[in-house]
Amino acid sequence: MGGNHSHHEHVHYHYHAQEKSTQIVVLISVFAMIMELTVGYTTHSITLIMDGWHMLSHVLVLLLAWGAYLYIRVRGKELTLSKQKRILALSGFASAIILMVVTCFMIYETLSQFKKPKVSVTIYSFVVAVFGLLINGLSAYVLHREEEKMDVNIYAAYLHVLSDVVLSCFALISLTVVYFMPVAAWIDSVLGLAGSLIIMRWGVGLIRKSFHDALS
């Protein structure tokens, strides 16, 4: 009996630590999102715009993850461990759906810019792209520092952040190429589409995993 109580307390401590991690990343991400969207629309950089909108999606996902941990912390004594895990799995599943919806929007934005790409490369776009990469990298580290303890809820949030790391890298590559070869502005849309397809594949895997965990 005492062993079960100790295990229950350990699980709650783990969930509390994950909740703190999501709080930190939410605050960081909101600031980065505003910067990326502002500069992205100013410079017409599709990869920066996509990164900014995707940042919004993972802010929403992190808030969802935070809410799941908060609910478990408040109602923890009334929930069995299996019910707690199911709540986290459902949160992860909802996160996966958000990821897929936002990715579809990103693909639409990319295709709409494909025929007439117009990327204005400025020092501000470079600074924001680098800033976004650093912020996303830091966020990924905060969420992933205890990989062996990751549940599907925090894993879903981590995938959203990791997706932004990919998009930030593509944005930097795109801006660099266009800066030296303006005629190659099409690379922005190509990388945007490539990033979308990578994230789409991750989203499908997350849907399968979270759905399986919710039913188990």
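Considering all non-hydrogen atoms of both residues, S139 and S29 come closest at OG-OG, 4.2 Å. Across I207 and M100, no two heavy atoms sit closer than the pair CD1-CG, 3.8 Å. Shortest non-hydrogen contact noted between A185 and V178 is CA-CG2, 3.8 Å. V161 and A140 make their closest contact through CG1-N, 3.4 Å (heavy atoms, listed as atom of the first residue, atom of the second, distance). Here the closest non-hydrogen pair linking N153 and G92 is OD1-N, 4.1 Å.
More than 12 heavy atoms of other residues, nucleotides or ligands shown are found within 6.0 angstrom of CZ on F131. Atom OH of Y108 has 12 or fewer neighbouring heavy atoms from other residues, nucleotides or ligands inside a 6.0 Å radius.
When atom types are taken as modelled, the side chain of T103 and the backbone of L99 share a donor-acceptor pair closer than 3.5 angstrom.
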* To do: Under the side chain to side chain contact (heavy atoms under 4.5 Å, CB included) rule, what do I107 and M200 come out as? Steps first, then yes or no, please.
  => CA-CA 10 Å; I107 292 174; M200 183 75 75; 3.7 Å; yes
* Stepwise side chain to side chain contact (heavy atoms under 4.5 Å, CB included) check, V166 with I199 -> CA-CA 9 Å; V166 171; I199 296 168; 5.6 Å; no
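Hydrophobic clustering (ILVMFWY, side-chain heavy atoms < 4.5 Å, transitive): V177 and L191 are in one cluster.
Listed by chain and residue number, A89, L90 satisfy the side-chain contact (heavy atoms from CB on, under 4.5 Å) test with A214 (two or more places apart in sequence, or in another chain). For S210, there are no side chain to side chain donor-acceptor pair (under 3.5 Å) partners at least two apart in sequence or on another chain.
By the 4.5 Å heavy-atom criterion applied to side chains, L88 and Y69 are counted as neighbours.
Aromatic ring pairs are classed by plane angle as parallel below 30°, tilted from 30° to 60° and perpendicular above 60°; the pair F126 and Y179 is perpendicular.
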